[in-house]
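Okay, structure first, notes after.
Just the heavy atoms: all of them, side chains too, but no hydrogens, waters or symmetry mates, feed the values below.
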Amino acid sequence: MIRYVLRRVIAAIPIGVIVTLGVFALVFAMPGDPLRELAGDKPIPAAVMAAKRAQFHLDDPFIVQYLLSMKDILTGNFGTTFAGADIADQLRLRIPVTLKLTLLANAFQWTFGLLFGIYAGFKRNGWVDRSLLLATLVLLAVPGLVAYFAAQFVFGVQLKWFPVSGVLEGFPSSYLLPALVIGLLGFAGLARLMRTSIVETVNADFVKTARAKGLGEQRVLWRHILPNALLPVVTFIGLDLAGMFGGAIITESIFNLPGLGQFMFQAIKLKEGGVVVLLSTLAFLSFILINLLVDLLYGILDPRVRHV
């Protein structure tokens, strides 16, 4: 297992370089001068502007800027943003916000997605199954941006059930509305996949063999059906969890949550390549870690995977 993990980590290194280099190139190619845009209409002395450009290496070639950014990341010297904010302090403040939003959204999604999917799969063609298929089809057809703004307007502005934006009311009040929207949109795909996987597994030959041997329904359910039905679901959950950071960019910007997603959005607008590369590296590392955990969970659910 240790060799397997080491192989995955070593293989991830060139992929990480390609990902961060590509992201940095896109930010570098954006038009405009970030320092001028940050200053707005305020006049800045030429000497101050030159000092700032030298501080952030903005006049250096693209590859030099990228290598300096990676050096800062590897040494833990994150520096400051163009506005002078300490990046390490920003991470300490923003990581908990994104984690709270992600954990709360996944709690809704996993709880209801798995429960409804399992029940609909076992009670196939019942009213719950038909209602679930219809409801999830509608949810999958709704664009995420439309759902965010509609929920914000209806439940935040009109009904005043939840805060419209910001984190002034603390956890969980300020996070409930965006987490519910994220969880509801993710619930649709998870519930349908769980339901389909259950239906396919119930009709599998090994389940019929287990019943023919006289095993009780509870044992067939817990020892044969669920472990096998959960395999594709675990993959879905892993990819969904790993992709949460990308979704947080939109969600946190709309609901004004000061998390990593909003930090990334602001850094892209201001062409802060170093911050974008840092956040992209964190997202990539979390993606690798989550995929390793998914592979280990695969080995627990299906012992055959351990010998592959």
- Query: Given side chains that start at C-beta, do those of Y148 and I182 come closer than 4.5 Å, heavy atoms only?
  - Reply: yes
- Stepwise, does the side chain to side chain contact (heavy atoms under 4.5 Å, CB included) test hold for F28 with Y66? CA-CA 9 Å; F28 186 85; Y66 170 76; over 6 Å; no
- Message: Just verifying a value: how many Å separate S174 OG and L101 CG, rounded to the nearest 0.5 Å?
- Response: 11.0 Å
- Item | Reported NZ-to-CG distance for the pair K71 and N77, which is rounded to 0.5 angstrom | 7.0 Å
- Query: Are there more than 12 heavy atoms of other residues, nucleotides or ligands under 6.0 Å from atom CZ of F116?
  - Reply: no
- Taking the side chain as C-beta and beyond, is there a heavy-atom pair between K123 and V128 under 4.5 Å? no
- Message: In the structure I gave you, are the side-chain heavy atoms of H57 and V64 within less than 4.5 Å of one another anywhere?
- Response: no
- Atom CG of L168 with >12 non-hydrogen neighbours under 6.0 angstrom: no
- Query: Do the ring planes of H224 and F206 sit parallel (below 30°), tilted (30 to 60°) or perpendicular (above 60°)?
  - Reply: tilted
- By side-chain contact (heavy atoms from CB on, under 4.5 Å), which residues pair with Q90, not counting sequence neighbours? A85, R94, F263
- Could you tell me whether R53 and D59 make a salt bridge, using a distance below 4.0 angstrom between a side-chain N and a carboxylate O? yes
- Message: Working to the nearest 0.5 angstrom, can you tell me the gap between I198 CD1 and D129 CG?
- Response: 12.0 Å
- side-chain contact (heavy atoms from CB on, under 4.5 Å) with S280: of L21, I73, L285, V23, only one passes, and it is V23
- Task: For atom CZ of R211, decide whether the heavy atoms of other residues, nucleotides or ligands shown that lie under 6.0 angstrom number more than 12.
- Result: yes
- Item | Under the side chain to side chain donor-acceptor pair (under 3.5 Å) test, residues paired with Y119 that sit two or more places apart | none
- Message: Are I87 and L99 connected into the same hydrophobic cluster when the rule is that any two of I, L, V, M, F, W, Y join if their side-chain heavy atoms are below 4.5 Å apart?
- Response: yes
- What about V146 and F149, same hydrophobic cluster or not, with Ile/Leu/Val/Met/Phe/Trp/Tyr joined at side-chain heavy-atom distances under 4.5 Å? no
- Shared hydrophobic cluster, V233 / V207 (ILVMFWY, side-chain heavy atoms < 4.5 Å): yes
- Query: Can the ring centroids of F108 and F187 be said to lie less than 6.0 angstrom from one another?
  - Reply: no
- Would you say L176 and V164 are hydrophobically clustered, going by side-chain heavy atoms of ILVMFWY under 4.5 Å? yes
- Query: Which class fits the ring pair F24 and F62: parallel under 30°, tilted 30 to 60°, perpendicular over 60°?
  - Reply: tilted
